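Have a look at the structure below before the remarks.
No experiment lies behind these values; they were computed from the predicted model shown.
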Amino acid sequence: MALFAKRWPLFLSRHLRIRTSASSLLITSGSQQSLFLIMQCLLNHGDAVGVETPSYCFSLPLLQSAGLRVYPLPVGPEGIDPADVERLHRRHRLKMLFMNPNFQNPTGTVLSAERRAALLRIAEKAGIPIVEDDPFSLTAFDGRPPLPLKAEDAGGRILYVGSLSKIAASGLRVGWLAGPQEIVSRLADARQQMDFGMSVIPQWLAAKLIEGAAFDRQIGRLRDRLAARLDELRVSLDYHLPGLVSFEPPGGGAEPVGEVARRFGSAAASRARTRDVRRRRLRARAGVRRGGAEFAAMLRKAGGGADRAGES
């Protein structure tokens, strides 16, 4: 573990301008373990937390199983509204915020600079810790990743969570948590009781990957591949479903979200759909699991079902 931890501060500083030290880093088996440790060790049953909505679906069961009171923070084109954080804190006394500010999953949005500054001021004033889950910053298509909140964290209130599974290999279950040294030490003790320490082999592989030019090549290939798949998806939707699906292309990540036009299908089908899926949001990973033609076929099938519902 020491081998990996000593190299990680250099990596975070070089790629994301996050300044930290080995003693302020905890190596985990991935983001899910980091989040689990935070919820189990730093929060109590019944505590109120703010969570982006929509948000990563697999994090919600963790919050619910910990017995936390979850309050939504709607995500708009510029991310969450800091005023919503103030409002929820006055009403419910928030103990923590869970956020994915860069290429948010699933909307692909980036929290604007103005809202970042306001959020950090509010968190500092109210004493609210922020958990920043950051799987996609390094996938910025233009090669200029937006700064994580942690890079601007003067007050030490942000716990920064990331992993290599989304940017290197899904089977490389190595993640990290950066935060105040006393918090990291507490979480490290808890993790030691859970798994008696991680295997050294994946840590060695990760250390070899991040220290050399191989990582830069990997990230470059990943950015090009995701950008190309996004273009393929956009062209396929324009060809197969012209004017029926719209979305704002994200600047990175793998989470374009769009809307299906209400005029999709017959008038009767539109009335049927409007009753229960008005302004339906679509998640479409940029070609990772479906090609544009298959996606179009899926929507046509859904439209056919709605046609029959409208005619019955």
Side-chain angles (χ1 to χ4, degrees), residues 1-44 49 59 62 66 95-102 116 119-120 123-124 127-138 145 147-168 172-212 215-216 219:
M1 186 167 116
L3 171 69
F4 186 78
K6 289 178 179 178
R7 296 178 183 180
W8 201 252
L10 296 175
F11 175 83
L12 291 179
S13 175
R14 176 189 173 202
H15 289 281
L16 296 165
R17 293 167 59 183
I18 293 175
R19 294 185 178 182
T20 188
S21 63
S23 61
S24 296
L25 275 171
L26 174 64
I27 307 307
T28 68
S29 61
S31 296
Q32 288 292 94
Q33 187 182 54
S34 298
L35 295 173
F36 178 81
L37 287 169
I38 290 169
M39 294 174 200
Q40 295 298 319
C41 300
L42 304 181
L43 293 167
N44 296 313
V49 298
S59 65
L62 287 177
K95 297 295 185 180
M96 195 170 283
L97 299 177
F98 288 84
M99 297 192 57
N100 172 198
N102 290 342
R116 285 168 186 261
L119 177 65
L120 290 173
E124 182 67 25
I128 308 173
I130 298 174
V131 177
E132 180 179 14
D133 188 8
D134 187 20
F136 291 126
S137 279
L138 291 178
L147 283 181
L149 289 175
K150 184 64 178 174
E152 307 172 65
D153 178 27
R157 294 204 167 273
I158 296 177
L159 296 175
Y160 182 76
V161 173
S163 79
L164 292 175
S165 62
K166 295 291 194 302
I167 56 177
L172 187 56
R173 307 304 299 176
V174 175
W176 60 91
L177 187 157
Q181 186 174 345
E182 61 274 16
I183 298 296
V184 168
S185 179
R186 180 177 172 184
L187 297 180
D189 289 341
R191 202 214 63 190
Q192 182 71 17
Q193 296 175 38
M194 290 173 56
D195 57 17
F196 299 102
M198 288 178 58
S199 168
V200 70
I201 296 175
Q203 293 185 71
W204 178 81
L205 289 172
K208 296 298 289 183
L209 173 65
I210 66 172
E211 71 178 354
F215 183 82
D216 293 334
I219 286 296

Gap separating the CD1 atom of I18 from the OG atom of S137, nearest 0.5 angstrom: 8.0 Å

Short side-chain to backbone donor-acceptor contact, R116 and E152, under 3.5 Å: no

Heavy-atom pair of closest approach, residues Y160 and P148: CE1-CB, 3.6 Å

Any side-chain heavy-atom pair of I210 and H15 under 4.5 Å: no

Close side-chain approach of L187 and T28, heavy atoms under 4.5 Å: no

W8 and W176 aromatic ring geometry - parallel, tilted or perpendicular at 30°/60° bounds: tilted

Test item: I130 and D153 side chains (from C-beta on) under 4.5 Å apart, heavy atoms: no

Closest non-hydrogen atom pair, K150 against I158: NZ-O, 2.9 Å

Minimal non-hydrogen separation, S23 against V184, with atom names: O-CG1, 4.0 Å

Distance in Å, S165 OG paired with I167 CD1, rounded so as to fall on 0.5 Å steps: 8.5 Å

Expected output: side-chain R191 to main-chain I27 donor-acceptor under 3.5 Å: yes

Any residue meeting side chain to side chain donor-acceptor pair (under 3.5 Å) with R173, in chain and number order, not counting sequence neighbours: none

Full working for salt bridge (Lys or Arg N to Asp or Glu O under 4.0 Å) between R7 and E211: CA-CA 7 Å; R7 296 178 183 180; E211 71 178 354; 2.8 Å; yes

Reported CD1-to-CG distance for the pair I201 and L172, which is rounded to 0.5 angstrom: 12.0 Å

N100 side chain reached by P135 side chain, heavy atoms, under 4.5 Å: yes

Minimum heavy-atom distance between L138 and L16, given as atom pair plus value: CD2-CD2, 3.8 Å

Student check: side-chain heavy atoms of D216 and R14 closer than 4.5 Å: yes

L43 side chain reached by V49 side chain, heavy atoms, under 4.5 Å: yes

Nearest-0.5 Å distance that lies between atom CG in L62 and atom CD in Q32: 5.0 Å

Atom of A22, atom of P9 and distance for their closest heavy-atom approach: N-CG, 3.7 Å

Heavy-atom pair of closest approach, residues D133 and P101: O-CD, 4.4 Å

side-chain contact (heavy atoms from CB on, under 4.5 Å) assessment of L177 paired with L37: CA-CA 10 Å; L177 187 157; L37 287 169; 5.6 Å; no

Heavy-atom check, side chain of Q33 versus side chain of V161, under 4.5 Å: no

Minimum side-chain heavy-atom gap L119-M99 below 4.5 Å: yes

Reported CG-to-CD distance for the pair L25 and Q181, which is rounded to 0.5 angstrom: 10.5 Å

